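First the proteins, then the strands, lettered A, B, ... as listed; each starts at 1. Note that the structure is a prediction, hence the values are computed from the model and not measured.
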Protein chains: 2
Amino acid sequence: MPSVEKIAPAAYEALDPRVETLVNELIGRVADKWTMLLLEALEEHGTCRFTRLSQLVPGISQKMLTQTLRAMERDGLVDRKVHPVVPPKVEYSLTGLGQSLGEAFCGVWLWAEANLDRVEASRTAFDTRE
Amino acid sequence: MPSVEKIAPAAYEALDPRVETLVNELIGRVADKWTMLLLEALEEHGTCRFTRLSQLVPGISQKMLTQTLRAMERDGLVDRKVHPVVPPKVEYSLTGLGQSLGEAFCGVWLWAEANLDRVEASRTAFDTRE
DNA sequence: GTGCCTACTTTCCTTTGGAGAGTATGGGAT
DNA sequence: ATCCCATACTCTCCAAAGGAAAGTAGGCAC
């Protein structure tokens with residue numbers, strides 16, 4: 001089981017605090033529930049429109065959908081294509097950068113899928129201990 | 001570049017909606033800024049006490065530190081060992097499950113490290129477009 | 001005119017999160 | 001005996017984030 005250090009020892013140890021801070025900020029931005037869920041939806045279904053995305057990501061409010069998509073666009077993760085027609089038509093898709101982040105998150109999805117039961121068991125054990 | 005489907009096609013396609021909902025909930029719980037940062041801190045520094053963790057994770061409030069650690073303990077990600085001495089001494093460490101999640105997040109750290117510049121560039125481009 | 005369509009905004013209100021002070025405990029210093 | 005300290009919280013108060021629902025724009029069908 002490799003750790004970050006074992007995979008990229010030199011790069012990791014060589015980080016100066018300034019870069020580490022930036023990485024932490026980026027992680028804080030990107031390690032967000034809605035961002036992850038949107039990344040997954042766009043990865044799985046390809047180009048989507050606003051309403052479609054709101055259906056694909058259950059529980060997201062329009063406000064958060066707009067907000068998260070904008071932030072992802074600003075970060076270069078999604079491409080936003082506006083067709084100047086009426087009624088409005090806006091298509092969202094992953095950029096190469098977004099796809100690579102989606103792949104980076106792949107391990108987390110697999111982990112969640114594989115360990116659902118363990119987490120569930122731990123929770124009930126914890127709750128009955130109280 | 002493998003996608004989720006290519007790595008685990010059968011398991012992924014076979015998910016019934018109920019399981020997918022649970023996975024989404026688990027992702028929502030775990031894809032949290034503080035959880036990721038704590039996971040990283042514990043992975044890198046091993047067993048730590050409360051005050052140490054608050055120093056290792058810059059910007060976290062005591063409230064969020066307590067809260068996040070409790071949630072992680074409940075999910076079986078961290079082990080909380082209380083030594084009944086005075087002043088109090090509580091040691092936190094990753095469980096096997098926590099370590100495996102830390103490894104799953106490894107790709108995201110590497111991605112962030114590798115793509116900091118691209119994201120930064122995209123942001124300034126976006127901001128000057130406005 | 002009325003209503004419809006879509007992608008947002010806006011408003012209002014609840015929940016979450018941060019800052020800082022307070023708590024409990026016994027041991028060591030004075 | 002009294003004071004102070006260390007540690008891991010816990011509480012209170014306030015600001016910020018987030019959700020629900022209604023509103024907006026503007027061309028088109030009726």
Mind calculating the distance between [atom1] ([X]) and [atom2] ([N]) to the nearest angstrom?
X	N	atom1	atom2	result
B:Leu65	D:dA8	CG	P	10 Å
B:Leu53	D:dA8	CG	P	9 Å
B:Gln55	D:dA6	CD	P	13 Å
A:Lys89	C:dC4	NZ	P	22 Å
A:Met64	C:dA7	CE	P	19 Å
B:Leu69	D:dT7	CG	C1'	15 Å
B:Ile60	C:dG18	CD1	P	8 Å
A:Phe50	C:dA7	CZ	C1'	6 Å

OP1, OP2 of [N] versus side-chain N and O of [X]: anything below 4.0 Å?
X	N	answer
B:Gln67	C:dG17	yes
A:Arg70	C:dT9	yes
B:Arg49	D:dA8	yes
B:Tyr92	D:dT7	no
A:Arg52	C:dT6	no
B:Thr66	D:dT10	no
A:Trp34	D:dA17	no
B:Arg80	D:dC9	yes

* Parallel, tilted or perpendicular: which describes the rings of B:Phe105 and A:Phe105, with under 30° parallel and over 60° perpendicular? ->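 Rings of B:Phe105 and A:Phe105: perpendicular, as their planes differ by over 60°.
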* To do: Find out if a path of hydrophobic residues (ILVMFWY) with successive side-chain heavy-atom gaps under 4.5 Å connects B:Val78 to B:Val82.
  =>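 Yes; B:Val82 is reachable from B:Val78 via cluster members.
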* **Connected via hydrophobic side-chain network under 4.5 Å: B:Phe126 and A:Leu97** =>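 No, because B:Phe126 and A:Leu97 fall into different hydrophobic clusters, even though each may have its own neighbours under 4.5 Å.
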* **DNA chain C: 5'-proximal contact among A:Val90 and B:Asp32 (nearest heavy atom)** =>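 Its nearest nucleotide being more 5', the pick is A:Val90.
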* Asked: Mapping A:Ser61 and A:Pro88 onto DNA chain D by nearest heavy atom, which one lands closer to the 5' end?
  ->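 Taking each residue's closest nucleotide, the earlier one in sequence belongs to A:Ser61.
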* Taking only the side-chain heavy atoms of B:Lys63 (C-beta and beyond), determine which of C:dG18, D:dC9, C:dT6 contains the nearest atom. =>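 When the side chain of B:Lys63 is considered, C:dG18 is the closest of C:dG18, D:dC9, C:dT6.
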* **Residue B:Val86, side-chain atoms from C-beta onward, closest of C:dG26, C:dA7, D:dT7** =>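 Comparing C:dG26, C:dA7, D:dT7 against the side chain of B:Val86, the answer is C:dG26.
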* Asked: Do A:Asp75 side-chain atoms and A:Leu77 backbone N/O form a donor-acceptor pair below 3.5 Å?
  ->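 Not a single qualifying donor-acceptor pair exists.
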* Asked: Can you tell me if A:Thr95 uses its side chain to pair, donor with acceptor, with the backbone of A:Gly76 under 3.5 Å?
  ->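 Side chain of A:Thr95 to backbone of A:Gly76: a pair is present.
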